[in-house]
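In what follows, every chain begins at residue 1, and chains take the letters A, B, ... in the order their sequences are listed. Just so it is clear, the values below take in all heavy atoms, side chains as well, and ignore hydrogens, waters and symmetry mates. Computed from a prediction, not measured in an experiment: that's the story for all the values here.
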Amino acid sequence: MWRRSASFILDQQQQQKEERKKTTTTTTTTTAMATTTETSSYQNPNNNNNNIHHPNNISAYYQTRAAHHGVVTSDWLAQAQAAVGHDVYDDDADHVVRSSADHHHHPFSVIDEFNRWRKQPDLAEAVAAILALASVIRSSQATTMMELEIELKKASDSLKSWDTTSISLTAGCDLFMRYVTRTSALEYEDFSAAKSRLIERGEKFGEISRKARRTIAMLSQDFIFDGCTILVHGFSRVVLEVLKTAAANKKLFRVLCTEGRPDRTGLRLSNELAKLDVPVKLLIDSAVAYTMDEVDMVFVGADGVVESGGIINMMGTYQIALVAHSMNKPVYVAAESYKFARLYPLDQKDLAPALRPIDFGVPIPSGVEVETSARDYTPPQYLTLLFTDLGVLTPSVVSDELIRLYL
Amino acid sequence: MPDTQALVNEFVLKLKRRKVEGSQATAKQTAELLRSVISQQRVPPHTNQAGVLIDAIKAVGEQLIAANPVELAVGNVVRRVLHIIREEDLSLATTAIGGLGLSAESDNEDNVEQDDHPGLSAAVVAAASRFTLRAPSLHTLLEGIPDAAAAHHTSSSGGDSEGKSKSADKSLRIRKLKHDVIEAVNQLLQEIDTCHELIAEQAVEHIHQNEVILTLGRSRTVMEFLCAAKEKKRSFRVFVAEGAPRYQGHILAKELVARGLQTTVITDSAVFAMISRVNMVIVGAHAIMANGGVIAPVGLNMVALAAQRHAVPFVVVAGSHKLCPLYPHNPEVLLNDLRSPAELLDFGEFSDCMDFGSGNGAPLLHVVNPAFDYVPPKLVSLFITDTGGHNPSYMYRLIADYYSADDFVVAQKSSAE
């Protein structure tokens, strides 16, 4: 229906105009807007807005997730490795942020640094981003705060544009940048002290994130009562921590795990839970509505919490929340506060699409399109409470927190 | 303190026997009791005075909460008093640091903070320590909890270090803290007393000419609210559902008529039938939970559902002492009080059905008489407290203002550990 709406037709016309311009390859720039979009597309080879059906346009964020949490088959691993390696190689050419000194043998790159951190399965994406930015400060030759800020800004921009699909990466960069530019304590210190303080804070952040998971697990304990059945979707480290703590507290509960196609992250979670002797039942993703009547609460993690209080999470979360809402079951979200992102999606398509390959087992006829998006947006009215390290929050608190920090 | 312990025991007994009716009376008596505990508490010198007071209040608070866990106002007042102590301690420490930062370099406090971050001025320490009173936020996430904790440590031991340097000031300082705290508790008492008036002041903004208002049972806050609108020359009708089984609606109707309001009494079961001609539902509450849910007199969930069906605004009026920082984990089961069956059935008429001697030893007739309902936040349109109107999802903000995060688990701590 909405394809017939005025705004869509306008959008489409614009797009077609741009494409025509690209094919003619005349460098005469007529509209300012068209130029900016074009140049930006040159800057990010990874930009997924154009050419959605291009096979190489897969989301690096979901690649990493799958590599960390999926049930890893050998060919999938090879594929993922190839994809990640390819990306890094590609971007090295364009995006190396050279520290101002040229006498280094290895030019320093935030993205390399970030990828190094990101490969650690225990480290959250936002933390990896902040650690990478902290190392930018360390290798920086800047002598004034302003220089350092500019350098950091450049680094964080290149990080953000390197993987536009990762919300927590953007949120982590924003949070750290905000800290650098705004923190009141810095005003009282001289530059080198400020610098070392920033590095120290950045490095402590890994600890904070681990502590955040503990806090969330503690907060959620009161909500898990004996004899309850919990439905979980996908693999989330926070949710696992919550369930682990509940099991350690000798609570009696049962977990229903969705399979989490296509990277089958649910299998991994059920595996972990079975190790803890928690009774687990695996469901295929389409059996959620069928089993919802025996469920007492739905527990999900989040890739990002947006300003409306809604969450962006693995594909399928939205439909689970809808089913739970219609059956009056509470939907709880466990998410660390550094996943709060300054986004306000209005609908599902209002996000940079994060794509990933889907293996159907059989060859797909060439004429058939495949929906390869990896995530969806769950609006706040379908969520009951958010468990964060800031406390147990209603969805509307999220915007409040973000406004307090960024405005 | 034998005399305060006697007072505490007496009040605990009263709470256990449910002799104290209504959250306002309970809140008031709790605050008075805590005030006398504070004034009797001896604070030994060279210690963390605020800590001593907090421990004393917590010890008493645990007993009180355990005596009647359903009456959340007790816990709320205990937490409010704890918050007051923390705040007063902090404001004293801030002024002390401010004065010392200029004069004494070798003072203990300055050393403590210099260990952490050299060159931080007193203002920064004060700002950081203020964070500890507030709920954690994104801003404090990077700013660093260790800072704040260190600063808090400094401020709470402030009296100690100052005591070493200037022993003349010490006793004055102790008395000052206690005096300030008692003053603030008095303010809290006054606030509890006057919350009706503050709420009633807002009545004209909500009740309009010729409207029909529905209420259930009797709540003093609601009564004052309606009468305040009447005094401002608004003419409107009130439907009063009688509020079985205690039928306090009858009393409310009588009171309203005495004030010259057009009143109609209906049965509880007629609420749905009448709701379509009602413009607004105004009710009182037993407690407001942190998620915006309401623990309310029994029957209100039904009224709320009826109101939602006909899109009638459901307004809850409540003083801030009913604001509870806890979440209802399982509201249908927890936090309910089962009252005497005598309220439902007359003893004489039904006594043979409830005879334990008949049949297999257990009576065939059972009576369940719960006191409270849980109204979920999505059914509530507006909360009117003494500070104004609030959306259910924003109750957390009031809670962050009134309580400090460390005190949320006053009672649970004792049961868990």
### Task
Please round to the nearest 0.5 Å and tell me the distance separating atom OG1 of A:Thr394 and atom CG of B:Asn291.
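If I round to the nearest 0.5 Å, the distance is 8.0 Å.
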### Message
Just to be sure I understand the criterion: a residue of residues 388-399 of chain B counts if one of its heavy atoms is under 4.5 Å from a heavy atom of chain A. Which ones qualify?
### Response
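Interface residues of residues 388-399 of chain B: B:Ser393, B:Tyr394, B:Tyr396, B:Arg397.
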### Query
What heavy-atom pair brings B:Tyr327 and A:Leu393 nearest, and what distance separates the two atoms?
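Here B:Tyr327 and A:Leu393 meet closest at OH-N, 4.2 Å.
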